[in-house]
Amino acid sequence: MHPQTTLLYDPTRTRWGSDGPRPLRIRVWPRTQPGPAATVLLSHGTGGAGEDLDWLAQPLNDAGFLVASVDHHGNSYQDEYLVEGFTLVSERPRDMSFLLDHLVAAYDIDLDRVGGAGFSLGGYTVAALLGAQVDARVVAALFAGHVPAPAVPEFPDMIAALRSSYSDAQLAGLAESTALPVADPRLRAGVLLAPGIGELLTPDSLARIDAPVLIRWGDQDDITPPAGNAQLYAAALPRSQARSVGSDVGHYVFLGDREDPTGVRDAVARDVVAFFDENL
């Protein structure tokens, strides 16, 4: 089954940098079996696109799941790179809830069997849908330039760009809004692949997440170092199933266009299918 690509517009949010509603390009892998579909939402990493996770979408769809991804506005090479898309991270889970609203309207969805999987910043996105919240004080300090920003190769000067676009008062307001809860109770389980921004989240919000969560990472990840990210999530989430996929595996093995001589992605895809089979 090949995905169906559609450009949607969210009328409740505006396009950054110009007028009009928020554009969101989605990819849907429909289910061929009759009856309400168990569904998995996919969230790409920083600067990426939904197609980066086709290596995971295909086996999930083959296993009977409806699978759908969204290209996050301002944070995708299928759109354009905008500083808001890189820094206002809580807009990403809102994209996913909008995607799920569309799926409910357009397909036969079993709302008791919805999960999410994400890579890198997409891992945070799924955690946020399950209840993780950004720490407003830490983000305010980050936006103000008082603490160093995480390394973002796709937009290395993002904080300087943000500070040149907004006043100090506006930045304080953005930090507060970014920390608002964006959980979607329709999600029942999550998969975090090399998840990011773990140290920007409140530990108590992670501890309150009761959903099962599968976490995978590579020990040689120098983009989202495991100690402050995947391992932090694993320790804080009460029902995490977490492990490294290799002592010599880096961050970008979870992108479908990268070399994977040891078959890490195939093994992870099998784990993810089994996890959602059991928990959805």
Side-chain angles (χ1 to χ4, degrees), residues 4-28 41-52 68-106 116 118 120-122 124-129 132-136 138-140 142-145 149-150 152 154-187 196-197 200-201:
Q4 302 168 355
T5 302
T6 307
L7 182 61
L8 302 178
Y9 294 90
D10 181 355
T12 69
R13 296 179 296 165
T14 58
R15 179 194 299 260
W16 289 311
S18 61
D19 296 329
R22 184 78 52 88
L24 294 167
R25 178 178 176 267
I26 70 166
R27 290 160 63 83
V28 180
L41 311 179
L42 300 181
S43 179
H44 64 75
T46 299
E51 63 201 55
D52 295 341
S69 62
V70 61
D71 296 338
H72 295 289
H73 175 55
N75 192 249
S76 171
Y77 58 74
Q78 292 287 5
D79 181 36
E80 59 181 320
Y81 284 179
L82 299 170
V83 68
E84 294 87 353
F86 280 77
T87 55
L88 306 183
V89 293
S90 63
E91 293 296 321
R92 292 172 58 104
R94 293 186 178 103
D95 293 344
M96 303 296 277
S97 290
F98 174 78
L99 169 61
L100 184 53
D101 290 343
H102 168 76
L103 296 176
V104 170
S120 195
L121 194 55
Y124 149 77
T125 304
V126 171
L129 289 165
Q133 291 181 236
V134 169
D135 189 324
V138 176
V139 175
L142 180 68
F143 287 177
V152 180
E154 297 84 358
F155 205 141
D157 59 346
M158 66 178 188
I159 297 300
L162 184 72
R163 290 184 54 76
S164 70
S165 301
Y166 294 92
S167 69
D168 288 345
Q170 288 173 322
L171 289 171
L174 289 174
E176 290 292 336
S177 65
T178 298
L180 293 173
V182 287
D184 191 325
R186 295 174 293 183
L187 259 73
I197 70 166
L200 300 187
L201 307 179

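Model, not experiment: these values are computed from the prediction. By convention here, the first residue in the shown sequence is residue 1.
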Q: In plain terms, say whether Asp95 and Arg13 are close enough for a salt bridge, that is, a side-chain N and a carboxylate O under 4.0 Å apart.
A: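 A salt bridge links Asp95 with Arg13.
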Q: Kindly determine whether Tyr124 and Leu200 satisfy side chain to side chain contact (heavy atoms under 4.5 Å, CB included), including the steps that lead there.
A: CA-CA 10 Å; Tyr124 149 77; Leu200 300 187; over 6 Å; no
Q: Run the side chain to side chain contact (heavy atoms under 4.5 Å, CB included) test on Leu99 and Leu24 for me, step by step, so that the C-alpha distance in whole Å, both residues' side-chain angles and the decisive distance to 0.1 Å come before the verdict.
A: CA-CA 9 Å; Leu99 169 61; Leu24 294 167; over 6 Å; no
Q: If you take all heavy atoms of Val126 and Gly116, which pair is closest and at what distance?
A: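 Smallest interatomic distance, heavy atoms only, reads CG1-O, 3.5 Å.
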Q: Is there a side-chain contact between Phe155 and Leu162, using heavy atoms and a 4.5 Å cut-off?
A: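 With C-beta onward as the side chain, the pair stays apart.
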Q: Salt-bridge test for Asp101 and Arg186: reply yes if a basic N is under 4.0 Å from a carboxylate O, no otherwise.
A: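 Salt bridge flag = yes for Arg186 with Asp101.
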Q: Output all residues satisfying ring-ring contact (aromatic ring centres under 6.0 Å, His included) with Tyr81, sequence neighbours left out; order by chain, then residue number.
A: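 Tyr81 satisfies ring-ring contact (aromatic ring centres under 6.0 Å, His included) with Phe86 once adjacent residues are dropped.
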Q: Using 0.5 Å steps for rounding, measure from the OG atom of Ser69 to the CG atom of Asp52.
A: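 Going from the OG atom of Ser69 to the CG atom of Asp52 covers 9.0 Å.
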Q: So does Arg94 get a backbone contact from the side chain of Ser97, meaning a donor-acceptor N/O pair under 3.5 Å?
A: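 Pair absent, no side-chain N/O of Ser97 close to backbone of Arg94.
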Q: As an exercise, state the distance from CZ of Phe143 to CD of Gln170, rounded to the nearest 0.5 Å.
A: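 CD of Gln170 is found 12.5 Å from CZ of Phe143.
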Q: Tell me the salt bridge (Lys or Arg N to Asp or Glu O under 4.0 Å) pairs involving residues 161-174, sequence neighbours left out?
A: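 Every pair satisfying salt bridge (Lys or Arg N to Asp or Glu O under 4.0 Å) with a residue in residues 161-174: Arg163-Asp168.
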Q: Could you check whether any side-chain heavy atom of Thr46 comes within less than 4.5 Å of a side-chain heavy atom of Asn75, counting everything from C-beta outward?
A: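 Side chain of Thr46 against side chain of Asn75, heavy atoms only: contact under 4.5 Å found.
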Q: Hey, are Arg25 and Asp71 close enough for a salt bridge, meaning a charged N less than 4.0 Å from a carboxylate O?
A: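 Salt bridge between Arg25 and Asp71, a charged N being under 4.0 Å from a carboxylate O: yes.
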Q: Can you pull out every ring pair (Phe, Tyr, Trp, His ring centres under 6.0 Å) where at least one residue sits in residues 4-28? Sequence neighbours excluded, please.
A: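 Sorted result for residues 4-28: Trp16-His73.
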Q: What distance separates Arg22 CZ from Asp79 CG, expressed to the nearest 0.5 Å?
A: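 Arg22 atom CZ to Asp79 atom CG measures 10.0 Å (nearest 0.5 Å).
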Q: Between the main-chain N or O of Gly48 and the side-chain N or O of Ser76, is there a donor-acceptor pair closer than 3.5 Å?
A: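 Confirmed, Ser76 side chain pairs with Gly48 backbone.
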Q: If I compare all heavy atoms of Ala136 with all of Ala179, which pair ends up nearest, and what's the gap?
A: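 Of all heavy-atom pairs spanning Ala136 and Ala179, the closest is CB-CB, 3.6 Å.
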Q: Quick one: OG1 on Thr87 to CD1 on Ile159, what's the gap to the nearest 0.5 Å?
A: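 Thr87 OG1 to Ile159 CD1: 6.5 Å, rounded to 0.5 Å.
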Q: Measure across Gln78 and Ala49 and return the closest heavy-atom pair with its distance rounded to 0.1 Å.
A: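 Scanning both residues completely, I find the closest heavy atoms to be CG-CB, 3.6 Å.
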Q: Looking at side-chain heavy atoms only, is the closest gap between Val28 and Leu103 below 4.5 Å?
A: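 The answer is yes; the side chains approach within 4.5 Å.
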Q: Is the shortest heavy-atom distance from the side chain of Val134 to the side chain of Leu201 under 4.5 Å?
A: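 Yes; the side chains approach each other to less than 4.5 Å.
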Q: Do you know which two heavy atoms are closest between Gly47 and Glu154, and how far apart they sit?
A: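 Shortest heavy-atom contact: CA-CG, 4.4 Å.
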Q: If you round to the nearest 0.5 Å, how far is CE of Met96 from CG of Leu42?
A: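 The distance works out to 6.5 Å.
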Q: Any side-chain heavy atom of Leu100 within less than 4.5 Å of one from Leu41?
A: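 Yes, at least one pair of side-chain atoms sits under 4.5 Å.
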Q: Indicate yes or no: at least one non-hydrogen side-chain atom of Pro93 is less than 4.5 angstrom from one of Thr125.
A: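 A side-chain contact exists here, since the closest heavy-atom pair is under 4.5 Å.
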Q: When you compare the side chain of Ser43 with that of His72, does any pair of heavy atoms fall below 4.5 Å?
A: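 Answer yes - side chains close enough.
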Q: Would you say that Tyr77 contacts His44 through its side chain, given a criterion of any heavy-atom pair below 4.5 Å between the two side chains?
A: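 Tyr77 does not reach His44 side chain to side chain.
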